[in-house]
Amino acid sequence: MSLPLFLIGARGCGKTTVGQALAEATGYAFVDTDRHLQQATGRTVADIVAVEGWEGFRRRESESLQTVTAKGRVIATGGGMVLATENRQFMREQGQVIYLQADAEVLASRLAAYPEQAQRPTLTGRPIADEMVEVLASRDGLYRETAHYVVNAMQPPARVVNEIMALLCLARAG
Ligand code: ADP
Ligand code: MG
């Protein structure tokens, strides 16, 4: 069957890191909606937001989600993908949705350590730790209602991958 696997969660929870490792372990292809959007437009997320606003970015993000979705793929999504009802429904219907759950302090410390990998303008312009608390307060419920499975993303990436594979009864490639 190899339904698409969608990884959701806040910026820094490990969607890209865990997604790549999960794809490698299972032989699935890996795609990242943020990266797809950047390649399709030739612009960074920050540029798109600066020119078209968050609304324009969100519209393009939904298009990216639909374009990259296919069987046999692990799809890492942008942190705000769950904000649109349309996207939540689409992911649940098309595949298996996994929420990589991590606490705000953990997310903030990861993003503080690698700010260049955040690739996104902050949503509020305030300190990252405060912002993560607020982002999770408003989105944790959406992540949970969209997910078929919630996984603890505060363990090392290899363990997160093993847990997902066990939950979904996925076999190792080769
Ligand atoms: P996302 O794609 O969800 O924004 P990333 O995969 O880019 O998150 O990870 C953000 C940062 O956190 C990276 O520096 C990555 O190496 C680190 N990281 C991701 N997952 C873990 C993990 N399970 N344990 C420790 N560090 C992690
Ligand atoms: Mg990412």
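Each ligand, and each atom within it, is numbered from 1 in the order the structure gives. Since the structure is predicted, the reported quantities are computational estimates derived from the model, not experimental observations.
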**Message:** So that I can tick it off, tell me whether Arg58 and Glu55 are bridged by a salt bridge, with the cut-off set at under 4.0 angstrom between side-chain N and carboxylate O.
**Reply:** no
**Basic-acidic side-chain contact under 4.0 Å: Arg43, Glu52** = yes
**Request:** Kindly confirm or rule out an N or O of Thr17 lying under 3.5 angstrom from an N or O of ligand 1.
**Result:** yes
**Message:** Does ligand 1 come near enough to Val18 that some N or O of the ligand is less than 3.5 Å from an N or O of the residue?
**Reply:** no
**Item:** Any side-chain heavy-atom pair of Leu167 and Val151 under 4.5 Å
**Value:** yes
**Message:** Are the side chains of Phe6 and Gln94 in contact, using a 4.5 Å heavy-atom criterion?
**Reply:** yes
**Request:** Any atoms of ligand 1 less than 4.0 Å from a non-hydrogen atom of Thr16? List them with their elements.
**Result:** 2 (O), 6 (O)
**Complete:** Taking only non-hydrogen atoms of Arg11 and a 4.0 Å limit, the atoms of ligand 1 in range are 4 (O)
**Message:** So if I apply the side-chain contact (heavy atoms from CB on, under 4.5 Å) rule between Met81 and each of Ile8, Leu7, Leu65, which one comes out positive?
**Reply:** Leu65
**Prompt:** Under 3.5 Å, is there a donor-acceptor pair between the Asn87 and Arg92 side chains?
**Reply:** no
**Request:** Give a yes/no verdict on whether any heavy atom in Gln155 is under 4.0 Å from an atom of ligand 1.
**Result:** yes
**Prompt:** For ligand 1, is there an atom lying under 4.0 Å from some heavy atom of Gly12?
**Reply:** yes
Residue part near ligand 1, for [X], under 4.0 Å between non-hydrogen atoms:
{"X": "Met154", "value": "neither"}
{"X": "Ala153", "value": "backbone"}
{"X": "Arg110", "value": "side chain"}

**Fill in**
In short, salt bridge (Lys or Arg N to Asp or Glu O under 4.0 Å) pairs touching residues 75-91 with sequence neighbours left out are Arg88-Glu145
**Asked** Got an N, O or S from Thr16 under 2.8 Å of the Mg ion (ligand 2)?
**Response** yes
